[in-house]
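The structure under discussion appears below in the form of structure tokens.
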2 protein chains.
Amino acid sequence: MVDESLDLLTLLADPARRRIVGLLAAEQLCTCHLVEELGMKQPVVSHHLRALREAGVVEGSPCGRFTYYRLRPGALDRAAAALVGLATATHSEPPRRPC
Amino acid sequence: MVDESLDLLTLLADPARRRIVGLLAAEQLCTCHLVEELGMKQPVVSHHLRALREAGVVEGSPCGRFTYYRLRPGALDRAAAALVGLATATHSEPPRRPC
DNA sequence: GCGACTCATCGACCACGGCTGATGTCACCT
DNA sequence: AGGTGACATCAGCCGTGGTCGATGAGTCGC
């Protein structure tokens, strides 16, 4: 239940990908923008975008020579809800199983 | 802003650690419980618990020979809030920066 | 005190994943 | 058509991080 919804967190473990989704949350960008914003080489950015794309987190719209990327609506909803569920669980005192 | 609150996600990237926090969300457990629940060797469990402990996600209460672990209240709040912020951002259509 | 048990730590091995460089494809422009 | 720029993919290197085995510290029962 929790595990499957949170396997996206494996993707967001990498700081570079977190920065990518953070930037895409504010505005749609194409690869060249991300390359200069992140200060990383183009193949690296493309590699991360591929991972995010295959996970359904982002989607790319080819526009001439450029490819604009944006976050896919609702892609993070289940993961966010699962994490909120865990966070609220920390506020209650769970029972202690005897050894 | 987003990046720092979500660096906990690096910890939760590992499925073993996700299972640990999932189990601890339901009840407080000592290491021997986690060892048999997860089917992993004891040093492995102890290693993950150390990582979670140093990140402030869990805390251990020594009780005789045993050490009971539980989630630290509010430890995941910032990460959950940041992820919810990103998830809601996916529902709005962001502007497209021209190339 | 002595043995049995729980748990933490250390060192070494190894696989996974990110980075790099080179190459290929496609669209646009002259 | 030829050149340029944007983007994707591939093969390879290499560092990080998880796993394993052995060991050490602390506790309970005899």
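So you know, we letter chains A, B, ... as the sequences are listed, proteins then strands, and number each from 1.
In the set C/dA8, C/dT20, C/dG18, the nucleotide with an atom closest to the side chain of B/Thr67 is C/dA8. The side chain of B/Phe66 has C/dT6 as its nearest neighbour among C/dT9, C/dT6, D/dT9. Closest contact between the side chain of A/Arg65 and the listed nucleotides D/dG26, C/dG18, C/dA27 involves C/dA27. Listed nucleotides: C/dT20, D/dA6, D/dT19. Nearest to the side chain of B/Val44: D/dT19. Distances from the side chain of A/Pro43 to the nucleotides D/dT19, D/dC7, D/dT9 place D/dT9 closest. Taking every side-chain heavy atom of A/Arg50 into account, D/dT9 is the closest of C/dC19, C/dC7, D/dT9. Comparing atom distances between the B/Lys41 side chain and each of D/dA8, C/dA27, D/dC20 picks out D/dC20 as nearest.
In this structure, the side chains of B/Thr67 and B/Leu49 stay at 4.5 Å or more apart for every pair of heavy atoms. A heavy-atom distance below 4.5 Å is found between the side chains of A/Asp77 and B/His91. Side-chain contact between A/Cys30 and A/Cys63: absent, with no pair of heavy atoms (C-beta onward) separated by less than 4.5 Å. Contact check for A/Leu24 versus A/Arg70: no side-chain heavy atoms found under the 4.5 Å cut-off. Two residues are said to be in side-chain contact when any heavy atoms from C-beta on lie closer than 4.5 Å; A/Met40 and A/His48 meet this criterion.
With rounding to whole Å, B/His48 atom NE2 is found 6 Å from D/dG18 atom C1'. Atom CZ in B/Arg17 sits about 12 Å away from atom C1' in D/dT19, given to the nearest Å. At whole-Å resolution of the value, CG in A/Leu11 and C1' in C/dG18 are 13 Å apart. Rounding to whole angstrom units, CG of residue B/Leu52 and P of D/dG18 are separated by 10 Å. As a whole-Å value, the separation of A/His33 NE2 from D/dA6 P is 10 Å. Whole-Å rounding puts the A/Glu36 CD to D/dG5 C1' distance at 14 Å. If you measure from atom CE of A/Met40 to atom P of D/dC7, you get 14 Å, rounded to the nearest angstrom. For the pair A/Asp7 CG and C/dG17 P, the computed distance is 13 Å after rounding to whole Å.
Residue-to-nucleotide contacts include a donor-acceptor pair under 3.5 Å from the side chain of A/Gln42 to the base of D/dA8.
Counting any heavy atom pair closer than 4.0 Å across all strands shown, B/Thr31 reaches sugar-phosphate atoms only and no base atom. Backbone-only engagement by B/Tyr69 is indicated by non-hydrogen atom pairs under 4.0 Å involving sugar-phosphate atoms exclusively.
Position along DNA chain C of the nearest nucleotide to B/His47 versus A/His47 favours B/His47 as the more 5'-ward residue. Each of B/Ala16 and A/Cys30 was assigned the nucleotide of DNA chain D with the nearest heavy atom; the assignment lying further toward the 5' end belongs to A/Cys30.
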